[in-house]
Amino acid sequence: MTLILDPDDPAGWREAPATTSGGAHAAPGSHLTDGLNPEQREAVEYRGQALLIVAGAGSGKTRVLTHRIASLIESREAWPSQILAITFTNKAAAEMRERVENLLGEAASGMWISTFHSACVRILRREAEAIGLSSTFTIYDSADQRTILKRIIKELDADTLGFTPASAQAKISKLKNELADVESYARNANTNDPQEVMFLEIFRQYTRRLREASALDFDDLISETVYLFRAFPKVASLYQRRFRHILVDEYQDTNHAQYALIREFTQPVPRDRVVEMEQHGVNVRGVTDAAGGIPGASLTVVGDSDQSIYAFRGADIRNIVEFERDFPGAKVVLLEQNYRSTQNILSAANAVISNNFDRKEKKLWTADGDGDQIVGYTGYTAHDEAQFVADEIESLHRAGVAYRDIAVFYRTNAQTRALEEIFVRSALPYRVVGGTKFYERAEIKDAMAYLIAVANPLDELALRRILNTPKRGIGPATETALASFAEQNGLSFRQAMRAADGLGLGPKVTSAITTLANVLDEAAAMLVPSAAGIAAGTNEGASKVSDVLVFLLERSGLIDALRNSRDPQDETRAENVEELVAQTRDFDRENPQATLVDFLTQVSLVAAADELDDASGTVSLMTLHTAKGLEYHAVFLTGLEEGLLPHQMSASEPGGPAEERRLFYVGITRARKRLFLSLAMSRAQFGEVAVAMPSRYLQEIPEGLIDWRQSPGMATSRGGTQPRALNARRPGGAWGTRDRDLERFSVTKSAAPKAEWANRVTGTVRDNGDLTLEAGDRIRHVDFGEGRVTQVTGEGTKRIAHVNFDTAGQKKLLIKIAPIEKL
DNA sequence: ATCGTCGATTTTTTT
DNA sequence: AATCGACGAT
């Protein structure tokens, strides 16, 4: 029996599989390949150093990945702790873990299945001191980055050279994704260019401040792990020894730093170091090869270059395109059969994506038949479009489709407004996934800053945030005084606060500062485990996260300030803070051994898609980016207009329009049975109403596939719906285009004033107070005209009228706010 | 130090 | 339309 030391658990020795090298493997259980097509089966069963699975949308890649992992373990070729699977979101990780557990049962525990960022944090916290970090380092999000850069740019007067926090942030992120640091940038910088010199200074200061605060930004999490492995090969060897099988999902969206990290993980360990490791008590039996070294881990990547949509964040499509060159002898398996969508949906997707040149030809197909036609609709305004979506959702729901099986996608978060307004009015249960997140609310960030300040006393950003929140009379002057006192005496901001007595500030201010410092100290004391806990290396005896939070909220006066405020919005803010307390209670209950730092880490790394609750009975609204990897019975793609998809901003970027097309492709392929494409002819931007043109991608879909309820050509300037052949030719090429295909979307060039066709569904909202309606009442609605109430449901402000309109058909309306009057 | 008003600026997508 | 920052009044 071979024993393998698990670096995760230095005290725990685990049993290793019976055989790990040479000889015939036990045949993987056939239940793992039953029902798979030949390609899928090959992807599960192939054994070798490198495997690329080119998995078209809906081709069952998660199934292949989970079965492959299960097969490795069941055949005793690998121990669970030797598996490292990287997914794109925590939700995908959780799902993969669950599915592997379903295949293997208890045997699945010990695997690392997580996102790049979570895995790196786990490694970095463990090895923090090697690279001069506190193991309680803070993770800065983009808002934090922006705050710091804003201060730096102001101090350096860098705005005179055209620097903005956003531009500096983008540039720093780009550099870090390429594994460039301040030194390497300095070496290549042109010292004659004042702009580059200034940027270098910004970059230098930014790096220094994060260092001093013991903080890392998102990009650092990856790059610092790479640096760690490169600077400390012995540390790297521990992980190279442990992880024998690396599996990476969504490989087309990896950036250079992530690629470099994968390469580090898959490096072999030379014999000399193996000998050294053995001398230090690291068990390597069962993983060495004939030469005495540890061979590089096997690598499986899954991806689809047609779904690469993160170039803006440094994703390098070459990682997948050049995989075979990077890993000689790599096996490639192509999965083209689709198990998700109808052929009509797939034909549309194939047609659209085939317009991207420079791609490997790939055609999705299904054996399940054509299915329903795709439905198209052109609204007059965004609200009109939203009303179409709401109506169709209601009619799907009446036909038996659950709300949770329906999703609405859009390109930009701003587009949620019109959709939400109409959905609220229509009493449609929905949830916006991502968007303005709970943890981005100011009051939540304040409360979190208290926790961060306790967990990581070096974090100046968090301290400065809470210094005068709630108001304690500590203004910018005092803040600056503290900061410079700290600077001059080589103290941290926190230490300066403790020493505030000697600064000669006003007595009131001084006492406010020391009181806060004491509260933080007391909270920090609550987190120290008991002697027994320390001895056992556990968190035993430390206060729960929720208790620390409640202590901080009460003693800092934050919660009282919100409750006693005259600002009516503060009531909601207080409720949000209560919700945060409830979340920490949940966290404590679900993770009894976890620390405050664990909680902060989890919060930092939640992805938009992680918020999805499969059990909720609501329609999901999300961006096209968030939609990647998900699937729904019915999908609505909205805002299919030039300037939105493709987005205006993408036009100037190389490869922009092609990436936007992939985004459209990703959206289409999320749909299982029903696909709805919609757009508006006018859209409000910055408060101004602008005329919108149909997206160029719409015409790439073969005409017969779409049933236009109201086509762009039909939606005339007067708001009428004169039926007109989709491909009716109009002389002169409307909209000044020569492209004949565009004409099927043409509208009359002499567009009438906007006011005339903004007469459809509007954003009108009113407060009807306690208007009472009952079945049988006649009402008039601003947009839908007259109708008869058939039923009233719900209570209080949520009362809903079900109305049969004379011309507009059946609708549900939230009585309190619908623009209606009783007749 | 705090509060209120005016004007500028904003929207791409996210771990 | 709405948020954010600068500036001036209290």
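Reminder, nothing fancy here: chain letters follow the sequence lines and each chain counts from 1.
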Excluding sequence neighbours, so at least two apart, what forms side-chain hydrogen bond (donor to acceptor under 3.5 Å, both in side chains) with A:Glu443? A:Asn576
Under 4.0 Å from OP1 or OP2 of B:dT15: is there any side-chain N or O of A:Thr89 that close? no
Hey, is A:Phe312 stacking on B:dT13? Ring centres under 5.5 Å, planes under 30°. yes
Of the candidates B:dT14, C:dA6, C:dA2, the side chain of A:Lys154 sits closest to C:dA6
Round to a whole Å and report the spacing from CG of A:Asp220 to C1' of B:dT14. 16 Å
Between CG of A:Asp219 and C1' of B:dT15 the distance, given in whole Å, is 9 Å
Would one find more than 12 heavy atoms of other residues, nucleotides or ligands at under 6.0 Å from atom NZ of A:Lys171? yes
Indicate yes or no: at least one non-hydrogen side-chain atom of A:Ile148 is less than 4.5 angstrom from one of A:Leu210. yes
Do any side-chain nitrogens or oxygens of A:Lys150 fall under 4.0 Å of OP1 or OP2 in C:dC4? no
Classify the side-chain pair A:Tyr430/A:Glu420 by whether it contains a donor and acceptor separated by less than 3.5 Å. yes
Let me know the distance between NE2 of A:His625 and C1' of B:dT11, rounded to the nearest Å. 14 Å
Toward the 5' end of DNA chain B, by each residue's nearest nucleotide, A:Ala414 or A:His117: A:Ala414
Provide the distance between the two C1' atoms, one in C:dG5 and one in B:dT12, to the nearest whole Å. 24 Å
Which of these passes side chain to side chain donor-acceptor pair (under 3.5 Å) with A:Arg411: A:His647, A:Glu641, A:Glu660? A:Glu660
For A:Phe116, answer base if it contacts any base atom (sugar-phosphate contacts may also be present), sugar-phosphate if it contacts only those atoms, and nothing otherwise; contact means non-hydrogen atoms under 4.0 Å. nothing
How long is the line joining CE of A:Met649 and C1' of B:dT9, in whole Å? 12 Å
Pairs involving residues 214-223 of chain A, ordered by first then second residue, that meet side chain to side chain donor-acceptor pair (under 3.5 Å) (sequence neighbours left out): A:Gln145-A:Asp217, A:Ser173-A:Asp219, A:Lys176-A:Asp217, A:Lys176-A:Asp220, A:Tyr206-A:Asp217
Separation of B:dT14 atom P from A:Lys174 atom NZ, nearest Å, is 19 Å
Tell me the interatomic distance from A:Arg313, atom CZ, to B:dT14, atom P, rounded to whole angstroms. 9 Å
Extract from the structure each pairing of a protein N or O with an N or O of nucleotides 1-7 of chain B at less than 3.5 Å, listing the distance.
residue	atom	partner	partner atom	Å
B:dA1	OP1	A:Gly475	N	2.9
B:dA1	OP1	A:Thr478	OG1	3.3
B:dT2	OP1	A:Gly473	N	3.1
B:dT2	OP2	A:Asn468	ND2	3.2

In whole angstrom, what separates A:Asp159's CG from C:dA6's C1'? 13 Å
Report yes if a side-chain nitrogen or oxygen of A:Asn413 is closer than 4.0 Å to either non-bridging phosphate oxygen (OP1 or OP2) of B:dT14; otherwise report no. yes
Please work out which of the three classes, parallel, tilted or perpendicular, describes the rings of A:Phe636 and A:Phe676, given edges at 30° and 60°. parallel
Provide, to the nearest angstrom, the distance between the CD atom belonging to A:Gln145 and the P atom belonging to B:dT15. 14 Å
Is A:Thr623 near enough to B:dT14 that one of its side-chain N or O atoms lies under 4.0 angstrom from OP1 or OP2? yes
